[in-house]
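So that the names make sense, note that chain A is the first sequence line, chain B the second, and so on, each numbered from 1.
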There are 2 protein chains.
Amino acid sequence: MNQKTEKAPTMKDIARIAGVTQATVSYVINGSEDISEAVKKKVLDTAEKLGYIPNLVARNLKKRKTNTIGIIVPDVMNSYYSEMIKYNERIIRESDYFTFICNTMHDAQIEDWYIISLIQQKVAGVIICYGLTNRECYKKLYQHHIPFVVIDDETGIEGAEAPCVLVNHKKGSLLAVKHFVSMGIKDIAYCSEPLYNKALCDRYEGFNNAIREFGLENKRGRVYIAKEDNEYEKIELGYIATNEILSRGKPGGIFASTDQMAFGVIKRLNELKIAIPQDIAVIGYDNVPFSSIISPSLTTINQPIMKMCIHGTDTLYKIIKRDGSIDLKATLEPNIIIRQSAPKINKLAVN
Amino acid sequence: MNQKTEKAPTMKDIARIAGVTQATVSYVINGSEDISEAVKKKVLDTAEKLGYIPNLVARNLKKRKTNTIGIIVPDVMNSYYSEMIKYNERIIRESDYFTFICNTMHDAQIEDWYIISLIQQKVAGVIICYGLTNRECYKKLYQHHIPFVVIDDETGIEGAEAPCVLVNHKKGSLLAVKHFVSMGIKDIAYCSEPLYNKALCDRYEGFNNAIREFGLENKRGRVYIAKEDNEYEKIELGYIATNEILSRGKPGGIFASTDQMAFGVIKRLNELKIAIPQDIAVIGYDNVPFSSIISPSLTTINQPIMKMCIHGTDTLYKIIKRDGSIDLKATLEPNIIIRQSAPKINKLAVN
DNA sequence: CTGTTAGCGCATTCAA
DNA sequence: TTGAATGCGCTAACAG
């Protein structure tokens, strides 16, 4: 416990012991070429001996920039977002940056707290992995000249445009409806979390478009959108939605706006001994890992998460390094993963 | 884009405009009492007008400490750890600290990179949510006087003792075996991830103890422990383990060392149309959210995650603030959550 | 090649 | 109550 009172060794300490100037130590530590081998060795040896570790706080202050990047997600427990964290974090770490992960729970106040904190910490950039509830925050980042990119949303604020990586969710919903139709299912119900961001709005709109496109408006196409102020977990929401939908008659298929909700749907249908897919087929959205584990395994819309992350971080680095050629808006395409909950069969043909 | 070139306003700027000294601004910003209302107002107004946000990098350098805490987990995708992140992050945020989340994938090199980075960043403390693979890292933290607590492991290194929060995993395994026995099941198989930390070792040891205690050594109690150098995901591991176990005869129950593995077990048994729990009952460990969603829902050993986090952060704060009365070792008790995969029935009675 | 010097933005001691 | 002065640990001109 004696050590506890000792201060961490600084460049000054190394300089004193090695008999050189502190500036020279700095040169050596930072790998400057113009240093004689003898001095270099002496400095590195004493640094080693003292167990020297550079103080990044001081370095950052001096350089007026940090090697830290903030990642903002709404919910680390949602594997869709934890997957984003995983990919982003790896890319960032491999470029020798460090990550601040901010978990906002879609709460506007928490978002604000984190944005302010990131600005205070002078982060080099921010990756926002969903549409912020508190849209003022986009402005704040912009005003304080913090580079940022948004995945799955557009800032849509005058003078605070930022590069965004979008997924063609309307197409995703179309793929789902199309698949139901190919199975011979025409009465399709839709359930969704509250529409608190662009991704969920687009999925809903895409569903409506597809229904119209296939001329299914009169085929009992029904919709359940959860209210914004509910306190339920996402899975419970699917459970509740299923009850709601069934109370108005049994559809041929249920399309859930997220896998989390689809899990609730499956849970409820299993409880009610309603056969999936024979009685009701189910399609989800996100392709989270568990969608392949649940029984029946879930047919779902897959988003190219890794590509989204790579594009997002690439763009962010370009802004940070002022590389110029950034595209303000990239749109990636989703695809459908067909599993047991809505397999590749034609119901009509089977009957 | 004109703004882009402007520098963020500093205390000096405020001082110049408000006609006071930079020191006075510092006093006002930090809420000193001994400042006249007039000056206070003038300073705060110009700060507001300029959109001043304090530079934490500078403040941290001056105060020689930061308000940042590191959280180290092996895998953000594992909901057991993301739950820990969620609780810890909330507690930390509410105490106005900021979180560095480090995702190591159990990789010794990544662990080392993160530990060095955290030391460089001068974090106020670190919470390690599992047993580090690279045990040298404990030493490094100690040598650099970074307060840290370990959840679910003991440092076990001479001179680098740190407070730890443990779960009585031997008891957890006992609960599982006891439940199997209460169901009339005596031939119990065990499968586990590689034993790369204390938690997994204790669970295994607890299983063996329980088997002995109930006199089941000769009842086909069999074990499958995955090799350390495999590349499989945790769920696949359970899948493989099931095949391995079945190849040596059908047990009455399978106890998996983690829910992730149990999911793989259930997946494989479902595929083989082996009825759960009628043919084989299954018990997992961790009580992750999905254990209640999967079919059949999973009987599992629950760990008091929130309590563990609260105790861990409390202890860390005590060290940071030198509060004295810390207990170096807390052990919390697990409990069993009974669901469909191993329900509360007596097989013998039913037959 | 190495030393001298001057801050980065802020907190804090000491005077006034 | 406020101002002047100092330095946290480091980088980066500029000199020599």
Side-chain angles (χ1 to χ4, degrees), chain A residues 6-44 46-47 50-68 116-117 119-124 144-145, chain B residues 6-44 46-47 50-68 116-117 119-124 144-145:
Chain A
E6 270 179 40
K7 280 177 40 182
T10 69
M11 287 190 173
K12 214 160 140 190
D13 298 320
I14 299 177
R16 188 167 30 77
I17 294 173
V20 294
T21 337
Q22 178 259 336
T24 306
V25 177
S26 172
Y27 287 131
V28 174
I29 298 292
N30 291 302
S32 167
E33 293 297 311
D34 307 329
I35 296 281
S36 70
E37 281 305 319
V39 172
K40 201 181 278 183
K41 184 172 177 347
K42 196 166 52 180
V43 169
L44 288 176
T46 61
L50 264 51
Y52 173 74
I53 290 194
N55 181 335
L56 272 196
V57 179
R59 177 181 294 173
N60 288 340
L61 177 61
K62 180 64 201 179
K63 300 184 85 162
R64 315 174 91 242
K65 69 179 186 198
T66 67
N67 63 336
T68 316
I116 299 276
S117 297
I119 294 172
Q120 292 189 141
Q121 304 273 5
K122 300 286 174 190
V123 291
H144 289 273
H145 319 128
Chain B
E6 270 178 39
K7 281 178 41 183
T10 69
M11 287 190 174
K12 215 161 140 188
D13 298 319
I14 299 176
R16 188 168 29 77
I17 294 173
V20 294
T21 336
Q22 173 262 328
T24 307
V25 177
S26 172
Y27 285 133
V28 174
I29 297 290
N30 291 302
S32 167
E33 293 298 309
D34 307 329
I35 297 281
S36 68
E37 280 306 319
V39 172
K40 201 181 278 182
K41 183 170 176 353
K42 196 167 52 180
V43 169
L44 288 177
T46 61
L50 265 50
Y52 173 74
I53 291 195
N55 181 334
L56 272 195
V57 179
R59 177 180 292 173
N60 288 340
L61 176 61
K62 180 63 201 182
K63 300 185 86 161
R64 314 169 96 245
K65 70 179 184 196
T66 67
N67 63 336
T68 316
I116 299 276
S117 297
I119 295 172
Q120 292 188 142
Q121 304 273 5
K122 301 285 175 191
V123 291
H144 290 274
H145 320 126

Provide, to the nearest angstrom, the distance between the [atom1] atom belonging to [X] and the [atom2] atom belonging to [N].
X	N	atom1	atom2	answer
I14(B)	dC10(C)	CD1	C1'	12 Å
K122(A)	dC10(C)	NZ	C1'	12 Å
R64(A)	dG7(C)	CZ	P	13 Å
I29(A)	dC10(D)	CD1	C1'	11 Å
K63(B)	dA11(C)	NZ	C1'	8 Å
M11(B)	dG7(C)	CE	P	20 Å
K7(B)	dG7(C)	NZ	C1'	10 Å
K41(B)	dT2(D)	NZ	C1'	20 Å

Applying a 4.0 Å non-hydrogen cut-off, can you work out what [X] is touching in the nucleic acid: base, sugar-phosphate, or nothing?
X	value
T21(A)	base
N60(B)	nothing
S26(B)	base
V57(A)	nothing
V25(B)	nothing

Which nucleotide, [options], lies nearest any side-chain atom of [X]?
X	options	result
I35(A)	dT2(C), dC10(C), dC10(D)	dT2(C)
L61(B)	dC8(D), dT2(D), dT4(C)	dC8(D)
T24(A)	dG3(C), dT11(D), dA4(D)	dG3(C)
R59(B)	dT5(C), dA11(C), dG9(D)	dA11(C)

Check if the side chain of [X] and the base of [N] share a donor-acceptor pair of N or O atoms closer than 3.5 Å.
X	N	value
Q22(B)	dA11(C)	yes
K62(B)	dG7(D)	yes
Y27(B)	dT13(C)	yes

Any side-chain N or O of [X] under 4.0 Å from OP1/OP2 of [N]?
X	N	answer
Y52(A)	dC10(D)	yes
N55(B)	dC8(C)	no
K65(B)	dC8(D)	no

Mind listing the closest non-hydrogen atom pair of [X] and [Y] along with its distance?
X	Y	answer
T66(B)	V123(B)	OG1-CA, 3.5 Å
A15(B)	Q22(B)	CB-N, 3.5 Å
T68(B)	Q121(A)	OG1-NE2, 4.3 Å
V43(A)	I14(A)	O-CG2, 3.9 Å
I29(B)	R59(B)	CG2-NH2, 4.3 Å

Which residue lies more 5' along DNA chain C, comparing L56(B) with S36(A) via nearest heavy atoms: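 It is S36(A) whose nearest nucleotide is closer to the 5' end.
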Any donor-acceptor pair under 3.5 Å from T10(B) side chain to K12(B) backbone: yes
